[in-house]
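Encoded as structure tokens, the structure appears first; notes follow it.
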Amino acid sequence: MIYNIEYETMPREAIEAIQLKRLKATLDNVYATVPFYKEKFKEAGMEPSDIKTLKDLSKVPFTVKQDLRDNYPYGMFAVPMNNVVRIHASSGTTGSPTVVGYTKRDIKTWSELMARSLAAGGATPGDIIHNAYGYGLFTGGLGVHYGAEELGASVIPVSGGNTKRQIVIMKDFGPTILTATPSYTLHLAEVANDMGIDFKDLNFKFGIFGAEPWSETMRQDIQNKLGITACDIYGLSEVMGPGVAIECFEAQKGLHVFEDHFIAEIIDPETEEVLPYGEMGELVFTSITKEAFPIIRYRTRDITSLSVEPCICGRTHVRMNKVSGRTDDMLIIRGVNVFPSQIESVLMKSNEIAPHYQLIVDREGNLDNLTVKVEIDEAHFADEVKQLQNLSNKISHNIKEYLGVSAKVKLVEPKSIARSEGKAVRVIDNRKL
Ligand code: DLL
């Protein structure tokens, strides 16, 4: 085994014993150091000493994004600022950004977890990692960077953007692993193609993609176009950044949560009840080793389910299914709930279209209208108008059949939808204007 995975293959009882010990210490710590948590716990009529088993965690109140905003910027830090060595923040497209901090030990923990993640996704110390996640306040770039160095791999800190130059670097430097968002990866493949370079002729073996939802069909498309094995990596700034969970390259089925550092729960987003393994709901995380920014029962708004089925890779940590979307990205079209990634799955079944799309939602009177804007593939752009009309009818029919939602499908010219260099903007909801 390339990286020591002792913690990842322990019997469940041993993992849970570690979790309970670390959870108790974390609750004691936040109660003593973060006034927000002390007040919350008191309001809920509980004290850290009430938590005697892992099941008791359900007695602890949730933390939500608004709590972080109310305590902007440093109100939820558990250490004095002179112990904080790094600050990251979410983009904050709505409201003020959420700010998170790390001590030296937190950076060490994160680097180790990212090294473990990269190793699970197929990386070895001999690899060269082309890291096209954005560097900056976003956690993707620096998270992968420190993990790659911790593993002993070589990292090319290329960040997002300047796409043509990235292709030249890929050709000349011979990277073996690509790390990027899935949407930017498709853009890279497209630009390489325009430059007369086939990704399959490059040196890549593995790709480690995440930071946004992507469907199973999108994975197949990326694997075919790039000639690599593509694994899904999950994380969020509030909990740490990338490296909270990752698929192993052996199974590529479900993301192993690093349970020696985080406790995952699934709740019903309406009733807030904890749901059993296998049921879909909102993912909730508690950190159990962080110093600067411990987080307790954080409601991620991400929708998935958990499983403890044994994995062929030998890891015993709980696995989360691919995230299907966020509760706040879920579209309710005439009463039907639908995630952009579900529409993506249907779109990707048609060979005549390119994997670039956008969903536009409008309200006419009291009715919601969904328009799916999707690019025609270069090879089919010159098709007869009649053929294209049939194609858009077929896609519209498939969306209705698979998802129960009526959508108008608008086929647009190749390369007319804006490309992302980070997270793709899939939905334009004009109802919110
Ligand atoms: O996106 C951290 C990250 C960087 C993860 C690089 C993976 C790779 P934030 O910007 O705080 O952090 O956004 C977190 O992105 O709550 C999910 O909604 C979404 N997300 C992250 N990874 C995945 C994934 C980073 N693999 C938010 N699948 C999360 C689906 C994902 N959604």
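For ligands, and for the atoms within them, numbers begin at 1 and follow the listed sequence.
When each atom of ligand 1 is checked for a heavy atom of Y133 under 4.0 Å away, the hits are 6 (C), 8 (C). Against a heavy-atom cut-off of under 4.0 Å, G140 is close to the following atoms of ligand 1: 4 (C), 6 (C). Counting the atoms of ligand 1 from 1 in the order shown, those under 4.0 Å from a heavy atom of D232 are 24 (C), 26 (N). For ligand 1, the atoms closer than 4.0 angstrom to any heavy atom of T139 are 2 (C), 12 (O). Taking every heavy atom of P242 and a limit of under 4.0 angstrom, the matching atoms of ligand 1 come to 2 (C), 3 (C), 4 (C), 5 (C), 6 (C), 7 (C), 8 (C).
Taking all atoms of both residues into account, the shortest heavy-atom contact from I222 to T185 is CG2-CG2, 4.1 Å. Closest approach of V144 and L118 over heavy atoms only: O-CD1, 4.1 Å.
Remark: among candidates E212, R301, R326, M240, the nearest residue to atom 28 (N) of ligand 1 is E212, based on non-hydrogen atoms. Selection from G235, P182, G210 by nearest heavy atom to atom 25 (C) of ligand 1 gives G235. Taking only non-hydrogen atoms, the option from P213, A245, G422, A211 nearest to atom 19 (C) of ligand 1 is A211.
Ranking the protein heavy atoms by distance from atom 13 (O) of ligand 1 puts K423 NZ, 2.9 Å first. Here the protein heavy atom with the shortest distance to atom 11 (O) of ligand 1 is S237 OG, 2.4 Å. The single protein non-hydrogen atom nearest to atom 18 (O) of ligand 1 is D302 OD1, 2.6 Å, given as residue, atom name and distance.
Between the side chain of E212 and the main chain of A424, a donor-acceptor pair closer than 3.5 Å is present. Between the S90 side chain and the T98 main chain, a donor and an acceptor come within less than 3.5 Å of each other.
Contacts between F138 and ligand 1 below 4.0 angstrom, taking non-hydrogen atoms only, involve the side chain exclusively. Of all the heavy atoms of L236, the ones lying under 4.0 Å from any atom of ligand 1 are found in both the backbone and the side chain.
Not less than 6.0 angstrom separates the ring centroid of F293 from the ring centroid of Y102.
For H88 and R86, the side-chain atoms include at least one donor-acceptor pair closer than 3.5 Å. Side-chain N/O atoms of Y298 and E238 include a donor and acceptor closer than 3.5 Å.
The residue from L226, L178, D127, T229 that alone fulfils the side-chain contact (heavy atoms from CB on, under 4.5 Å) condition with K205 is D127.
Relative orientation of the W214 and F209 rings is perpendicular, given thresholds of 30° and 60° on the angle between their planes.
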